[in-house]
Amino acid sequence: MITIGQLARYIGVSIKTIRVYHDKGLLPEPDRDASGYRQYGAHDAIDLIKIRTLAEAGVPLARIRDLRAATDEEFRQALREIDDELTARIRGLRATKERLRRLASGELAPPLPTEVGAYLEDLARWGFTPRWVDLQRDLWILVFATHPDRAIALFHDQAETLADPALRRLFLDYDHAHDLDADDPRVDDLARRIADANRERYGLDEPPQLDAGSEIPALIQGTVNAASPAWRRLDTLIRTQLGV
């Protein structure tokens, strides 16, 4: 038989922790000697090792207490579930570690797909301003980081749009409208042309978009609108003409 201090030292926990386990009903109170000191045996040590292992795995104390009354099969099934939970946590921690590594190196998100990088180079070659190219890069990083399952479809739709010289001209005009006065008649004309092109391209169909309920589209459009009063008025006019 050993004392509580010896048990704590052998198992690698504190005396306070053992007392907490007693109070929570995880570890039964042992017999006491004539002087009133707790006396622990091998069975107590084995129980404490099990409790410590489960606690270190992140299992709540209430669940550990319930497992003490489980059958052997129920206990094994619980261990399998805990193992699965640990595997998922490890996977999440590794992903977090990778994000921290990228953040330390100045990267805020995973690298964009190669085809997006090539597309951004095309934008510069087609005459888009560096401001527009940088804005597009930041927005695609946001979309791919938050909606990786839908981002590629949206990207392909925009890439196909800009492959059409006439539609590309509209985007170039949108880019260069940045410095126009919001009340410039060219803003109204551009909004009309964009709305017409949108109806011609999609008809009654909805253009590709992110998941319903996502706040990212509004965040993206808000970022664009905040960059220029003319862009903000363009958005209002286009929405009005399209009835959205």
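In this text the structure is predicted, and so the values were computed from the model without any measurement.
Every residue two or more places apart in sequence or in another chain that forms a salt bridge (charged side-chain N to carboxylate O under 4.0 Å, His left out) with Arg80 is listed here: Glu73. Legend: residues meeting side chain to side chain contact (heavy atoms under 4.5 Å, CB included) with Ala197, ordered by chain and number and at least two apart, are Leu167, Leu170. For the salt bridge (charged side-chain N to carboxylate O under 4.0 Å, His left out) test, residues two or more places apart in sequence or in another chain that qualify with Glu81 are Arg63. Partners of Gln6 by side chain to side chain contact (heavy atoms under 4.5 Å, CB included), not counting sequence neighbours, listed by chain and number: Ile2, Thr3, Arg9, Tyr10. For Glu160, the salt bridge (charged side-chain N to carboxylate O under 4.0 Å, His left out) partners are Arg201, not counting sequence neighbours. Residues that satisfy the salt bridge (charged side-chain N to carboxylate O under 4.0 Å, His left out) test with Asp134, not counting sequence neighbours, are Arg137. Scanning for side chain to side chain contact (heavy atoms under 4.5 Å, CB included) contacts around Ala182 gives Pro229, Arg233, with sequence neighbours left out. Looking at residues two or more places apart in sequence or on another chain, you find no side chain to side chain donor-acceptor pair (under 3.5 Å) involving Thr114.
Val143 approaches Ala151 most closely through the heavy-atom pair CG1-CB, 3.6 Å. Across all non-hydrogen atoms, the minimal contact from Leu67 to Ala78 is CD2-CB, 3.4 Å. Closest non-hydrogen pair, Arg232 versus Asn225, comes out as NH1-O, 3.1 Å. Here the closest heavy-atom approach between residue Leu112 and residue Phe144 is recorded as CD2-CD1, 3.8 Å. For the residue pair Ser14 and Ala8, the shortest heavy atom distance occurs at C-CB, 4.0 Å. Minimum interatomic distance between Arg89 and Ala57 (heavy atoms only, all atoms of both residues): NH1-O, 2.7 Å.
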Side chains of residues 28-35: which donor-acceptor partners sit under 3.5 Å, not counting sequence neighbours?
unit_1: Glu29; atom_1: OE1; unit_2: Arg38; atom_2: NE; d: 2.9
unit_1: Glu29; atom_1: OE2; unit_2: Arg38; atom_2: NH2; d: 3.3
unit_1: Arg32; atom_1: NH1; unit_2: Gly36; atom_2: O; d: 2.8
unit_1: Asp33; atom_1: OD1; unit_2: Ser35; atom_2: N; d: 2.9
unit_1: Asp33; atom_1: OD1; unit_2: Gly36; atom_2: N; d: 3.0
unit_1: Asp33; atom_1: OD1; unit_2: Tyr37; atom_2: N; d: 2.9

Show me the donor-acceptor pairs within less than 3.5 Å that the side chains of residues 46-56 make with the rest of the protein, sequence neighbours left out.
unit_1: Asp47; atom_1: OD2; unit_2: His43; atom_2: NE2; d: 3.3
unit_1: Arg52; atom_1: NH1; unit_2: Ile11; atom_2: O; d: 2.3
unit_1: Thr53; atom_1: OG1; unit_2: Ile49; atom_2: O; d: 2.8

Q: Start with the C-alpha distance between Gln158 and Leu154, add both sets of side-chain angles, then the distance that settles side chain to side chain contact (heavy atoms under 4.5 Å, CB included), and finish with yes or no.
A: CA-CA 6 Å; Gln158 185 169 116; Leu154 292 170; over 6 Å; no
Q: Begin with the C-alpha distance, continue with both residues' side-chain angles, and end with the deciding distance and a verdict on side chain to side chain contact (heavy atoms under 4.5 Å, CB included) for Asp138 and Thr223.
A: CA-CA 10 Å; Asp138 290 345; Thr223 301; over 6 Å; no
Q. Step by step, would you call Arg19 with Asp23 a salt bridge (charged side-chain N to carboxylate O under 4.0 Å, His left out)?
A. CA-CA 6 Å; Arg19 288 173 175 157; Asp23 292 340; over 6 Å; no
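Residues Ile4 and Met1 fall into different hydrophobic clusters, defined by Ile, Leu, Val, Met, Phe, Trp and Tyr side chains chained together at heavy-atom separations under 4.5 Å.
Taking CG of Asp183 as the reference point, atom CG of Asp188 lies at 8.0 Å (rounded to 0.5 Å). In this structure, the separation between CG on Leu61 and NZ on Lys24 is 7.0 Å, given to the nearest 0.5 Å. Atom CD of Glu74 sits about 10.5 Å away from atom CZ of Arg76, to the nearest 0.5 Å. Separation of atoms OH (Tyr21) and CG (Leu26) is listed at 7.5 Å; rounding is to 0.5 Å. The CD1 atom of Ile152 sits 12.0 Å away from atom CG of Asp157, with the distance rounded to the nearest 0.5 Å. Expressed to the nearest 0.5 Å, how far CD1 of Ile194 lies from CG of Leu237 amounts to 10.0 Å.
At least one side-chain heavy atom of Thr87 sits less than 4.5 Å from a side-chain heavy atom of Asp83. Two residues are said to be in side-chain contact when any heavy atoms from C-beta on lie closer than 4.5 Å; Leu120 and Phe128 fail this criterion.
Under the ring pair (Phe, Tyr, Trp, His ring centres under 6.0 Å) criterion, the residue pairs touching residues 156-179 are Trp132-Tyr174, Tyr174-Trp231, His178-Trp231, with sequence neighbours excluded. Sorted by first and then second residue, the pairs that involve residues 164-175 and meet salt bridge (charged side-chain N to carboxylate O under 4.0 Å, His left out), not counting sequence neighbours, are Arg131-Asp175, Arg169-Asp173, Asp173-Arg193.
Note on Arg199 versus Asp196: salt bridge recorded, some NZ/NE/NH1/NH2 to OD/OE distance being below 4.0 Å. Between Arg125 and Asp122 a salt bridge is recorded (basic side-chain N to carboxylate O distance below 4.0 Å).
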